[in-house]
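Reading through the structure tokens given below for one structure.
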Amino acid sequence: MASIFIGFYGYPVNVKQKDLIHVISKGFECWDLSKVSFDDFVKKIKKRIPPINDNVLRNYIASLDTDWGINEEQFKKCSWGLLLPDKTDQGNSYTQILGVLNLYSTAFLRPAFYVTNFAIFPVNKKANGTWLHTQDKSHIFKSQNFISFYKKALPMGEYFQWYRENVLLWKEEDWRFYFSASFYDGLKEYEIGKSIYTWQAESADISTLFETLLTAGDSKNEEIGYRLRKRLFVLIGWKFPSIEENVKTLYTDRSDFVHGNLYKKIIKSMKKNESNDPAMPVSPAFKQLYESKEQARFSLIAYWYLHFIKDNKKNKTFKKYKNVQEVLESGILDTKLREKIVAAVKPIIELLPQSATGNF
């Protein structure tokens, strides 16, 4: 079975493992990179992921004339890594697998490099302080829940990359997943550097993700925000009881940003904020953004999994509906259908760790 290793930037591991390698299950390992030198890591990873042939042996340690490999300085900036089974058979397996890891994680991960049987591939050679200040998230991956999620959700990784052979076969729902995944992946830029001047832009991007997933392409006449909230409540309201109110606030923020009211509010808040010299806007409600990002993560996974079940020929429950949007629309009034929707998505949603608000 093929494997891939992904090494991550971060603070030194908060709760150090007893050993270098923590075996989660067969084929799944978490490594504490603080326990191994760079040279020893290269030796050990070659045993775990044997090089495809002797011609790639020079592709592990970086040199000036190649894009392959990393060096000791880069390795020292890493704190942990995951060894995972690679059952992808098309495109860039690293991109697909990282997309799945980011859906499971409560914060976007900061990869430094990855290893296949061809080489060590650096991801970001010029990592700065921002990248290095990502907290270690290894603890959430040391669980059977992660393994179950990984096995279920790996096919979803297809939508985190553009691969011609797949794209040529895509249908409408595939495109919906691709763009939704792209919008979700883009949210990592806000996580790196939230700002009092960009929070409405983040609200707009999360709103766009919700619309792409839940309303784009339908033929209903009701106001978009209304039917979006109702469908979202049917999908994950059991997990987030206040989600309708949260989305309503999100749309207010988006509207302020798009239509220019943001700037009037900034000026008004600066005049009121006499404690600062020079006056600065009052800090926005970042708590709302953390909650909305988590809700976007859960809704993307739930929608895809419901589609996965609907597309299964053995399952007859949702067959008469054109797509998941129609299933959710019917579930607004049909309480029995809503119960079936919740029963369908719960098995994967309950595997996910959930972030405390604002806690990376």
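These numbers come from the heavy atoms of this one structure, side chains and all, not from hydrogens, waters or symmetry mates.
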Partners of [X] by side chain to side chain donor-acceptor pair (under 3.5 Å), sequence neighbours excluded?
| X | value |
| --- | --- |
| Asp174 | Tyr159 |
| Ser148 | none |
| Asp40 | Ser37 |

Check whether any side-chain heavy atom of [X] sits under 4.5 Å from a side-chain heavy atom of [Y], and report yes or no.
| X | Y | result |
| --- | --- | --- |
| Phe318 | Ile341 | yes |
| Phe183 | Glu211 | no |
| Tyr114 | Ile97 | no |
| Lys346 | Tyr305 | no |
| Leu328 | Leu306 | yes |
| Gln74 | Ile120 | no |
| Tyr251 | Leu228 | yes |
| Val123 | Tyr9 | no |

Check [X] against [Y] and note the closest heavy-atom contact, atom names and distance.
| X | Y | answer |
| --- | --- | --- |
| Ser330 | Leu337 | CB-CD2, 3.5 Å |
| Ser93 | Ile4 | OG-CD1, 4.1 Å |
| Val100 | Ala153 | CG2-O, 3.6 Å |

- Note on the structure: Applying ring-ring contact (aromatic ring centres under 6.0 Å, His included) to Trp162 and not counting sequence neighbours gives Trp175, Tyr178

- Message: Applying ring-ring contact (aromatic ring centres under 6.0 Å, His included), can you list everything that pairs with Tyr60, at least two apart in sequence or on another chain?
- Response: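 Checked Tyr60 against ring-ring contact (aromatic ring centres under 6.0 Å, His included); zero matches.
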
State which residues pass side-chain contact (heavy atoms from CB on, under 4.5 Å) with [X]; sequence neighbours excluded, sorted by chain then number.
| X | result |
| --- | --- |
| Glu189 | Ile192 |
| Pro155 | Trp304 |
| Ala302 | Leu235, Ile236, Val345, Ile349 |
| Thr317 | Asn315, Lys340 |

Any side-chain to backbone donor/acceptor pair from [X] onto [Y]? Under 3.5 Å, distance only.
| X | Y | result |
| --- | --- | --- |
| Lys319 | Lys310 | yes |
| Gln325 | Ala216 | yes |
| Asn145 | Leu352 | no |
| Glu158 | Gln96 | no |
| Asn323 | Glu326 | yes |
| Asp334 | Lys336 | yes |

A quick test of your reading: do over 12 heavy atoms of other residues, nucleotides or ligands sit less than 6.0 Å from [atom1] of [X]?
| X | atom1 | result |
| --- | --- | --- |
| Asp54 | CG | no |
| Phe121 | CZ | yes |
| Lys171 | NZ | no |
| Lys44 | NZ | no |

- Query: Where do Tyr184 and Thr212 land on the side-chain contact (heavy atoms from CB on, under 4.5 Å) test, with the steps shown first?
  - Reply: CA-CA 11 Å; Tyr184 180 76; Thr212 301; over 6 Å; no

- Between Tyr94 and Gln161, a side-chain donor and acceptor under 3.5 Å: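 The answer is no; no qualifying pair exists.
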
May I ask you to say whether [X] pairs ionically with [Y], meaning some side-chain N is under 4.0 Å from a carboxylate O?
| X | Y | result |
| --- | --- | --- |
| Glu191 | Arg110 | yes |
| Arg176 | Glu172 | yes |
| Arg297 | Glu294 | yes |

- Item | Pair Gln288-Asn246, side-chain contact (heavy atoms from CB on, under 4.5 Å): steps then yes or no | CA-CA 7 Å; Gln288 169 69 30; Asn246 290 347; 3.9 Å; yes

- Message: Please tell me whether Tyr104 and Tyr150 form a close aromatic pair, meaning their ring centres lie under 6.0 Å apart.
- Response: no

- Query: So, Phe28 versus Phe141, ring centres under 6.0 angstrom or not?
  - Reply: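 Judged by ring-centre distance (under 6.0 Å), Phe28 and Phe141 do not meet the cut-off.
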
- Message: Please enumerate all residues that pass salt bridge (charged side-chain N to carboxylate O under 4.0 Å, His left out) together with Glu339, with sequence neighbours excluded.
- Response: none

- Message: Applying salt bridge (charged side-chain N to carboxylate O under 4.0 Å, His left out), can you list everything that pairs with Glu245, at least two apart in sequence or on another chain?
- Response: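 Not a single residue meets the salt bridge (charged side-chain N to carboxylate O under 4.0 Å, His left out) criterion with Glu245.
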
- Item | Test side chain to side chain contact (heavy atoms under 4.5 Å, CB included) applied to Ser180 and Leu213, Leu214, Asp185, the passing residue |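 That would be Leu213; it is the only one of Leu213, Leu214, Asp185 passing the side chain to side chain contact (heavy atoms under 4.5 Å, CB included) with Ser180.
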
- Task: Spell out, yes or no, whether Leu57 and Ile49 are grouped together once hydrophobic residues are joined by side-chain heavy atoms under 4.5 Å, including indirect joins.
- Result: no

- Task: Specify whether Phe113 and Phe41 have parallel, tilted or perpendicular ring planes, treating 30° as the upper limit for parallel and 60° as the lower limit for perpendicular.
- Result: perpendicular

- Do Lys293 and Phe108 meet the cation-pi criteria used here (NZ or CZ under 6.0 Å from the six-membered ring centre, within 45° of the axis)?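 Yes, a cation-pi geometry.
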
- Pair listing, salt bridge (charged side-chain N to carboxylate O under 4.0 Å, His left out) test, anchored in residues 299-308, at least two apart: none

